[in-house]
Amino acid sequence: MNRKARAAARTALVALAAAVLSGCTPDPSTDPIETGSVLLEISPASILSPDGTMTLLYGGETDPGVLLSGGFLQRTPIATFDPPARVSWAPDSRHFFINDSGGGEWSNFRLWSARGGSPVESETLRQAAIDTLARLNGCGDARTINVLTHGMGWAEGGKRVLVLAEVRRSSRDCVRSGVDYILVVADPDAGTIVETHVEGEAREAYPTLEWTPVTEP
């Protein structure tokens, strides 16, 4: 090996060592988080999916329903709710969620799969987040704790959804340990939670999320 080749080899080894020392395991806090959402309130709205193949159509305050349009004459009713609400598409257009405010009284996370233009709602992740917060508060039965749920954003290009679960009101039947809120990172396809972050830990792990006014320090 000549001198020039040896120098190139050393440079490559130094670069490889630097990459190894910098850490090969992705840090959740550095993953680009998509938090974009559209407020559904008084006026009608059209929310195009990121891939441009589907549109969510909101009728406005006098007709507060949402349809999924997947093309000419292909419109599927999704939900009707009391505005305001917020809707967010996953970056890969495979899912979307609506934070249903119930007319401003609470927040209810609702998740749909939108693959093939055929929307299917699943309550699995919402209930899993509620159950997790209930267990952390010593509540064996999730029905004994009143929990707000709120979609906060997407990670890994839509392969993960971030959901906040927050105690709204506790029951006398539930002896709470004082955990007011958690953030779960979940797989929207499998309906499973892959990470759970409690209160301040959640803020540290995902500082770019829009925490206020959802929760207060």
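The shortest heavy-atom contact between Thr76 and Pro119 is CG2-CG, 3.7 Å. Minimum interatomic distance between Leu125 and Ala186 (heavy atoms only, all atoms of both residues): CD2-CB, 3.5 Å. The shortest heavy-atom contact between Ala114 and Ser93 is CB-O, 4.2 Å. Minimum interatomic distance between Asn99 and Gly151 (heavy atoms only, all atoms of both residues): OD1-N, 2.7 Å. Closest non-hydrogen pair, His95 versus Pro188, comes out as NE2-O, 3.6 Å. Heavy atoms only, all atoms of each residue included: Pro83 and Pro64 are closest at CD-CB, 3.9 Å.
Rounded to the nearest 0.5 angstrom, Asn108 CG and Leu148 CG are separated by 9.5 Å. For the atom pair CG (Leu183) and CG (Leu133), the distance works out to 11.5 Å, reported to the nearest 0.5 Å. Here the straight-line distance linking atom CD of Gln74 with atom CG of Leu67 works out to 12.0 Å at 0.5 Å rounding. One finds the CD1 atom of Ile130 at 11.5 Å from the CZ atom of Arg135 (value rounded to the nearest 0.5 Å). Note that CG of Asp131 is 11.0 Å distant from CG of Leu136, once rounded to the nearest 0.5 Å. Annotation: the span from Ile33 atom CD1 to Glu210 atom CD amounts to 12.5 Å, rounded to 0.5 Å.
Judged by distance alone, with hydrogens and angles left aside, the side-chain atoms of Asn137 form a donor-acceptor pair with the main-chain N or O of Val179 at under 3.5 Å. The main-chain N or O of Pro84 is found under 3.5 Å from a side-chain atom of Ser101 such that the two form a donor-acceptor pair. Within the 3.5 Å criterion, the main-chain N or O of Ser37 finds no donor-acceptor partner in the side chain of Trp89. Using modelled atom types, one side-chain atom of Thr149 and one backbone atom of Phe109 make a donor-acceptor pair closer than 3.5 Å.
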Show, in sequence, the C-alpha distance, side-chain angles and deciding distance for Ile193 and Val185, and conclude whether the side chain to side chain contact (heavy atoms under 4.5 Å, CB included) test is met. CA-CA 6 Å; Ile193 294 174; Val185 181; over 6 Å; no

Residues Thr132, Ile182; criterion side chain to side chain contact (heavy atoms under 4.5 Å, CB included); working and verdict: CA-CA 9 Å; Thr132 300; Ile182 59 172; 3.8 Å; yes

Any chance you could lay out the side chain to side chain contact (heavy atoms under 4.5 Å, CB included) test for Leu111 and Arg126, step after step, and finish with the verdict? CA-CA 8 Å; Leu111 176 71; Arg126 174 180 176 270; over 6 Å; no

Audit row: Lys159, Asp187, side chain to side chain contact (heavy atoms under 4.5 Å, CB included) steps and yes/no: CA-CA 6 Å; Lys159 294 180 181 179; Asp187 181 338; over 6 Å; no

Side chain to side chain donor-acceptor pair (under 3.5 Å) between Glu195 and Tyr206, worked out: CA-CA 12 Å; Glu195 296 176 23; Tyr206 293 94; 3.3 Å; yes

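No side-chain heavy atom of Val38 sits under 4.5 Å from any side-chain heavy atom of Arg86. Residues Val184 and Leu162 have side chains not in contact (no heavy-atom distance under 4.5 Å, counting atoms from C-beta outward). In this structure the side chain of His150 never reaches within 4.5 angstrom of the side chain of Val163, judged on heavy atoms.
A chain of hydrophobic side-chain contacts below 4.5 Å, direct or via other Ile, Leu, Val, Met, Phe, Trp or Tyr residues, connects Met54 to Leu40. Linking ILVMFWY residues whenever their side-chain heavy atoms come closer than 4.5 Å, directly or via other members, places Val147 and Val198 in the same cluster. Cluster membership for Val87 and Phe97, using ILVMFWY side-chain heavy atoms within less than 4.5 angstrom, is not shared. The same ILVMFWY cluster, assembled from side-chain heavy atoms under 4.5 Å apart, contains both Leu164 and Leu209.
The residues Arg94 and Asp189 are annotated as salt-bridged, a charged nitrogen and a carboxylate oxygen being separated by less than 4.0 angstrom.
Listed by chain and number, the residues in a side chain to side chain donor-acceptor pair (under 3.5 Å) with Glu199 amount to none (sequence neighbours excluded). The side chain to side chain donor-acceptor pair (under 3.5 Å) search around Thr196 returns none, not counting sequence neighbours. Shown here are the salt bridge (Lys or Arg N to Asp or Glu O under 4.0 Å) partners of Glu121, two or more places apart in sequence or in another chain: Arg110. Not a single side chain to side chain donor-acceptor pair (under 3.5 Å) links Ser118 to another residue, sequence neighbours left out. Partners of Ser88 by side chain to side chain donor-acceptor pair (under 3.5 Å), not counting sequence neighbours, listed by chain and number: Trp154. Residues passing the salt bridge (Lys or Arg N to Asp or Glu O under 4.0 Å) test with Asp51: none are found, sequence neighbours excluded.
Between Trp112 and Phe96, the angle of the ring planes stays under 30°, which puts this pair in the parallel group of the 30/60° scheme. Note on ring orientation: taking the six-membered ring where Trp is involved, the planes of Phe81 and Tyr58 are parallel (angle under 30°, cut-offs 30° and 60°).
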